Protein chains: 4
Amino acid sequence: MPLTADANGVFPIAPTPFFDNGDIDKSSIDRMVDFYLECGSTGMTVLGQLGEAPKLEYCESLDIASQVIQRAQKLPVIVGVSAPGFASMRALTHEVMDRGAAGVMIAPPNTLRTDDQIVNYYHQAVDAIGGDVPFVLQDYPLTFSVQMSPPVIRRIVTELPSCVMLKHEDWPGLEKISTLRNFEAQGTMRHISIMVGNNGLFLEYELARGADGANTGYAFPDMLCDVVRMTKAGQIEEAHDLFDAHLPLLRYEQQPGVGLAVRKYVMMKRGILTSAAQRKPAAPMSEKARVEVDNLLKRLARYDRRADV
Amino acid sequence: MPLTADANGVFPIAPTPFFDNGDIDKSSIDRMVDFYLECGSTGMTVLGQLGEAPKLEYCESLDIASQVIQRAQKLPVIVGVSAPGFASMRALTHEVMDRGAAGVMIAPPNTLRTDDQIVNYYHQAVDAIGGDVPFVLQDYPLTFSVQMSPPVIRRIVTELPSCVMLKHEDWPGLEKISTLRNFEAQGTMRHISIMVGNNGLFLEYELARGADGANTGYAFPDMLCDVVRMTKAGQIEEAHDLFDAHLPLLRYEQQPGVGLAVRKYVMMKRGILTSAAQRKPAAPMSEKARVEVDNLLKRLARYDRRADV
Amino acid sequence: MPLTADANGVFPIAPTPFFDNGDIDKSSIDRMVDFYLECGSTGMTVLGQLGEAPKLEYCESLDIASQVIQRAQKLPVIVGVSAPGFASMRALTHEVMDRGAAGVMIAPPNTLRTDDQIVNYYHQAVDAIGGDVPFVLQDYPLTFSVQMSPPVIRRIVTELPSCVMLKHEDWPGLEKISTLRNFEAQGTMRHISIMVGNNGLFLEYELARGADGANTGYAFPDMLCDVVRMTKAGQIEEAHDLFDAHLPLLRYEQQPGVGLAVRKYVMMKRGILTSAAQRKPAAPMSEKARVEVDNLLKRLARYDRRADV
Amino acid sequence: MPLTADANGVFPIAPTPFFDNGDIDKSSIDRMVDFYLECGSTGMTVLGQLGEAPKLEYCESLDIASQVIQRAQKLPVIVGVSAPGFASMRALTHEVMDRGAAGVMIAPPNTLRTDDQIVNYYHQAVDAIGGDVPFVLQDYPLTFSVQMSPPVIRRIVTELPSCVMLKHEDWPGLEKISTLRNFEAQGTMRHISIMVGNNGLFLEYELARGADGANTGYAFPDMLCDVVRMTKAGQIEEAHDLFDAHLPLLRYEQQPGVGLAVRKYVMMKRGILTSAAQRKPAAPMSEKARVEVDNLLKRLARYDRRADV
């Protein structure tokens with residue numbers, strides 16, 4: 001079941017669970033995938049930026065992708081295959097597609113500058129992985145230092161039919177979504193799925209601008225699922241109320257560097273992960289930060305009981 | 001009354017009011033300064049990053065600084081003097097200090113990389129403006145691409161006695177504040193004022209980590225004043241409640257590029273500015289964004305009547 | 001006599017002569033301009049990147065531009081007007097055009113990334129300075145971190161008739177010149193002057209690819225004039241011989257940072273400047289570097305007597 | 001025979017030979033290694049920046065490293081192991097050290113900014129590969145955007161005993177070599193080998209400043225060997241004469257992007273490589289560039305018969 005341009009809903013970005021000694025925690029992987037399924041996810045992504053992929057041996061990466069794909073049952077699984085070279089990208093892509101992945105996600109190397117360089121890079125990537133593999137275009141300038149204007153995204157979508165989804169993490173990004181959806185309305189760009197990243201910091205307004213859902217890793221994917229569902233059902237103010245209650249914690253988790261530690265800590269407190277450990281080199285959370293997150297959870301729990309952990 | 005290392009409270013970053021035709025709106029400057037005074041500000045900053053300083057003629061810059069300094073009565077006014085060359089920096093500094101400014105703010109040029117380059121730059125800046133002019137060190141890596149580690153800040157503070165304040169806008173930044181305050185506790189760095197920027201996105205926790213207040217431009221400086229006051233009075237949860245109510249709008253205003261349009265629009269709706277106009281080249285707000293901001297204000301007004309505009 | 005798209009030959013980039021105490025050395029300015037005239041220059045540029053423009057007071061900049069324009073007699077003088085804001089750019093442009101400048105040079109701010117951002121910036125600059133002022137597009141990615149692809153340059157040339165010259169300093173750049181000249185041959189871009197910068201490091205081959213000459217600051221502009229003249233006269237191998245003899249020194253002078261010190265030192269030894277001093281903050285030359293430059297000059301003098309200084 | 005801080009002479013950076021169809025050309029590898037041995041190399045480096053390493057499958061990388069190590073007989077072979085993650089770096093390091101490599105070379109990821117970040121990264125890398133593996137610190141700001149000041153290099157050398165060599169490719173770099181050698185003379189840094197990269201553009205003066213030799217890929221490594229030998233024998237002017245004769249071609253080959261095509265083309269003409277092909281995505285040479293390189297070779301052959309190919 002390959003990924004298509006109709007993808008929508010919530011695809012959580014899965015962290016990689018480790019034990020305190022650095023070993024991969026396979027039972028937490030199962031529990032995490034089950035949790036994603038139960039809370040209404042429509043797919044998931046592994047080996048993304050915050051999946052600690054660079055710390056994994058190659059065979060470990062394949063094992064994790066395989067386990068998630070199998071456990072996710074019929075849900076589409078996207079695998080991050082960004083790599084410094086096309087040889088590694090092709091090898092990993094073929095391995096995970098053989099194992100049942102629905103598609104792959106490709107981030108641009110941070111040396112790209114001009115529009116032509118960006119478009120050309122994705123041509124080369126598709127040459128490497130094959131035009132039959134659906135891929136997600138990751139647009140995350142804050143981390144990758146690569147700025148894709150709407151016309152560049154349109155060129156990629158138009159010239160490369162295997163591009164089916166945009167992982168949208170530009171900031172600011174609301175007008176970008178409107179511009180792309182406007183291209184579609186005018187008939188100058190075919191439809192693709194737009195799923196928002198960036199921890200969903202503007203999710204409510206991004207949905208109103210035409211995003212199809214979220215592809216991000218906030219420790220309460222169930223809230224993301226609720227907001228997307230409510231919004232589609234027209235319960236706009238209720239969706240805002242729920243989102244706004246989570247915003248103080250969500251903003252805290254969205255911090256670069258320490259964000260992953262916060263996410264894993266909350267997922268551990270929620271019983272999804274056995275340990276909040278990161279593999280070395282880790283960016284741990286200070287004791288002060290732990291107290292702050294506990295306080296954020298306590299305050300959130302007044303509104304959303306799921307935070308009472 | 002020069003700026004000192006004891007500065008605290010809220011120093012709003014003042015936008016520059018324009019009429020729709022691009023002329024400077026002097027009556028709005030007076031109204032704005034009066035508003036800052038009334039809501040409990042303890043100082044203010046003009047000609048900062050979001051003050052559209054690069055669009056001003058030199059004499060216009062001086063006029064604005066003069067007007068704000070006179071209207072602000074006894075409150076200290078900081079003037080942004082960042083410039084591509086030390087000659088302009090020195091000239092502007094001397095002009096505004098003569099007019100009664102309390103100090104100047106200096107941002108690093110975005111070509112600086114190594115620790116030594118950063119420290120050396122501030123030595124050269126102090127050579128240019130004179131060691132008797134109190135200055136604010138602006139640490140804003142997201143915009144300037146210059147990363148100052150805590151040891152670098154300590155070197156600047158230690159080697160340059162005229163550095164009296166840090167405008168802290170690193171992201172993430174909570175641990176940085178703790179580290180600097182820890183340097184002070186250990187006696188390895190003298191005390192300086194730390195005021196947070198970045199639209200105050202983490203204000204509540206930054207105060208708890210040791211920040212002295214805020215030096216930023218959110219369209220509700222009265223809220224910032226309230227939060228600082230409540231926090232100092234030990235009303236921590238009340239401060240959180242007020243801050244969290246504002247967070248959806250504050251986050252929206254904090255977006256790069258469009259943020260200034262949002263800020264000016266809200267300040268216009270609040271009756272502070274006559275027009276939300278920016279001087280060319282402007283980054284205007286779309287109609288969709290206007291509706292979103294109106295919605296954010298309406299939702300905020302349920303909690304804080306000041307947003308009912 | 002405004003600058004036109006037919007500009008060719010050698011336009012030296014003039015350094016700003018200072019005395020050791022930092023004062024501007026006006027007699028050296030006259031001597032330098034006279035030297036440029038005598039050696040066959042067809043124009044010149046002041047207040048460029050290596051003209052220490054940011055260290056000048058505003059009125060000093062105007063004085064220097066005026067002096068050079070008057071002394072240069074009928075030769076066109078280009079003035080660098082790059083500035084962080086359009087207000088300063090407009091003010092300086094109008095002042096120098098009133099004083100008889102032939103055109104201005106505008107470098108892109110190093111925050112530009114996408115093709116549209118670059119094109120848009122030059123539209124805004126022309127809005128600011130006026131469409132009647134001929135301008136030079138400076139393409140220098142190594143220093144400005146802005147990459148202009150040939151299609152972007154074509155868009156600027158096509159959309160902005162007042163763009164008459166490209167100061168070409170991309171690296172590598174030979175194919176870029178060929179591509180642009182090919183656009184012209186195909187009729188998809190109007191003709192503009194292409195003058196090479198980057199210390200002329202590839203001058204001989206750049207001329208063969210279609211460059212019109214050089215717009216750079218090497219301490220032997222007379223050699224640059226000779227090479228352009230010989231090349232136009234078909235004395236290709238003689239031009240190579242002369243250029244290659246200078247290449248060891250030219251390469252040494254092209255080093256970032258220390259290059260200006262080398263240039264001024266050689267110009268002082270040649271009797272053009274009274275002092276090699278830079279205004280603070282200066283990047284001086286070590287004693288070891290001085291010995292190396294003396295050695296390079298001595299070796300060069302075996303081939304070119306002008307280096308026997 | 002592990003790499004030590006006494007390494008000197010010339011360690012060519014080996015390109016990876018391919019056939020036109022993209023297959024690895026093993027017989028050219030043998031011929032190339034034999035050539036390096038014959039011309040007086042004292043070691044060599046494989047899988048460096050210009051070795052097209054990112055285009056190789058993992059097992060291909062190992063095969064190439066193995067073949068070079070065996071063929072190089074007793075000469076030390078350094079293997080580039082820079083990778084986005086420490087897991088891959090460790091895996092590759094262990095594989096090649098088992099196969100007889102003398103050490104590894106590690107470039108910094110281009111996200112590093114502050115001094116502490118850089119030092120910390122190398123600590124983590126040594127944690128990953130093991131403190132018993134000699135490593136080369138690659139200092140190449142132009143490509144990696146990471147600026148290592150001399151004090152940072154000293155910290156790395158002092159804190160990490162397995163750092164035995166600096167591949168010096170800063171630009172400008174002469175004063176940096178002098179500063180590091182001065183640290184050693186003052187006893188504040190232990191001695192390490194300094195080998196210059198950057199195509200040897202300043203080799204003659206870098207040797208005079210204290211460099212031990214070259215670790216770069218210019219298509220005439222025999223010239224580099226000659227220059228190092230002559231310099232050590234006190235034949236300074238002869239060394240300059242030979243170097244200067246090569247400088248026009250060397251400068252042309254040093255161009256980013258197209259440089260590798262030039263290098264492989266010249267090595268093919270010299271009979272070392274069967275084909276000048278690069279594996280996809282390639283940066284080929286235009287017909288115009290080919291003519292230019294032929295001309296540069298012809299001119300060089302007047303002085304150095306080895307260029308008569």
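Sequence lines set the chain letters: A, B, ... in the order given, protein chains first and strands last, and positions in each chain run from 1. It should be emphasised that the depicted structure is a prediction, and the values quoted were computed from it without experimental measurement.
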*Asks:* With a 4.5 angstrom heavy-atom cut-off, is it the side chain or the backbone of B/Tyr252 that approaches chain A, or both, or neither?
*Replies:*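 Looking at B/Tyr252, backbone and side chain both touch chain A.
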*Asks:* Once you round to the nearest 0.5 Å, how far does CD of A/Glu237 lie from CZ of B/Arg299?
*Replies:*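 Answer rounded to 0.5 Å: 5.0 Å.
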*Asks:* Pick from A/Ala289, A/Gly259, A/Gly257: which one has the most heavy-atom pairs with chain B under 4.5 Å?
*Replies:*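 Result: the option with the highest number of such pairs is A/Ala289.
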*Asks:* Taking side chain as everything from C-beta outward and backbone as N, CA, C, O, which of these in B/Leu201 sits under 4.5 Å from a heavy atom of chain A? Side chain, backbone, both or neither.
*Replies:*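 When you check distances to chain A, atoms from both the backbone and side chain of B/Leu201 fall under 4.5 Å.
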*Asks:* Run the numbers on B/His240 and A/Leu296 for side chain to side chain contact (heavy atoms under 4.5 Å, CB included), then give the verdict.
*Replies:* CA-CA 10 Å; B/His240 275 298; A/Leu296 285 159; 5.9 Å; no
*Asks:* Is it true that A/Glu292 and B/Arg209 make a salt bridge, defined as a side-chain N closer than 4.0 Å to a carboxylate O?
*Replies:*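 Here A/Glu292 pairs with B/Arg209 in a salt bridge, since their nearest N and O are under 4.0 Å apart.
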*Asks:* Are A/Leu142 and B/Trp171 close enough that some pair of their side-chain heavy atoms sits under 4.5 Å apart?
*Replies:*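 In short, these two side chains touch, coming nearer than 4.5 Å.
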*Asks:* Would you give the length of the straight line joining atom CG of B/Leu174 to atom CE of A/Met285, rounded to the nearest 0.5 angstrom?
*Replies:*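 Here the rounded value is 12.0 Å.
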*Asks:* Using a cut-off of under 4.5 Å for heavy-atom pairs, which of B/Ala208, B/Pro172, B/Ala245, B/Pro256 has the most such pairs with chain A?
*Replies:*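 Between B/Ala208, B/Pro172, B/Ala245, B/Pro256, the count favours B/Pro256.
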*Asks:* Of the backbone (N, CA, C, O) and the side chain (C-beta and beyond), which part of B/Leu250 lies under 4.5 Å from a heavy atom of chain A, both, or neither?
*Replies:*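 When you check distances to chain A, no heavy atom of B/Leu250 falls under 4.5 Å.
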*Asks:* So, for B/Gly173 and A/Gln255, which heavy atoms are closest and what is the spacing to 0.1 Å?
*Replies:*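 The pair with the smallest heavy-atom distance is N-OE1, 4.3 Å.
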*Asks:* Are A/Glu204 and B/Arg251 within salt-bridge range, i.e. N to O under 4.0 Å?
*Replies:*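 Yes.
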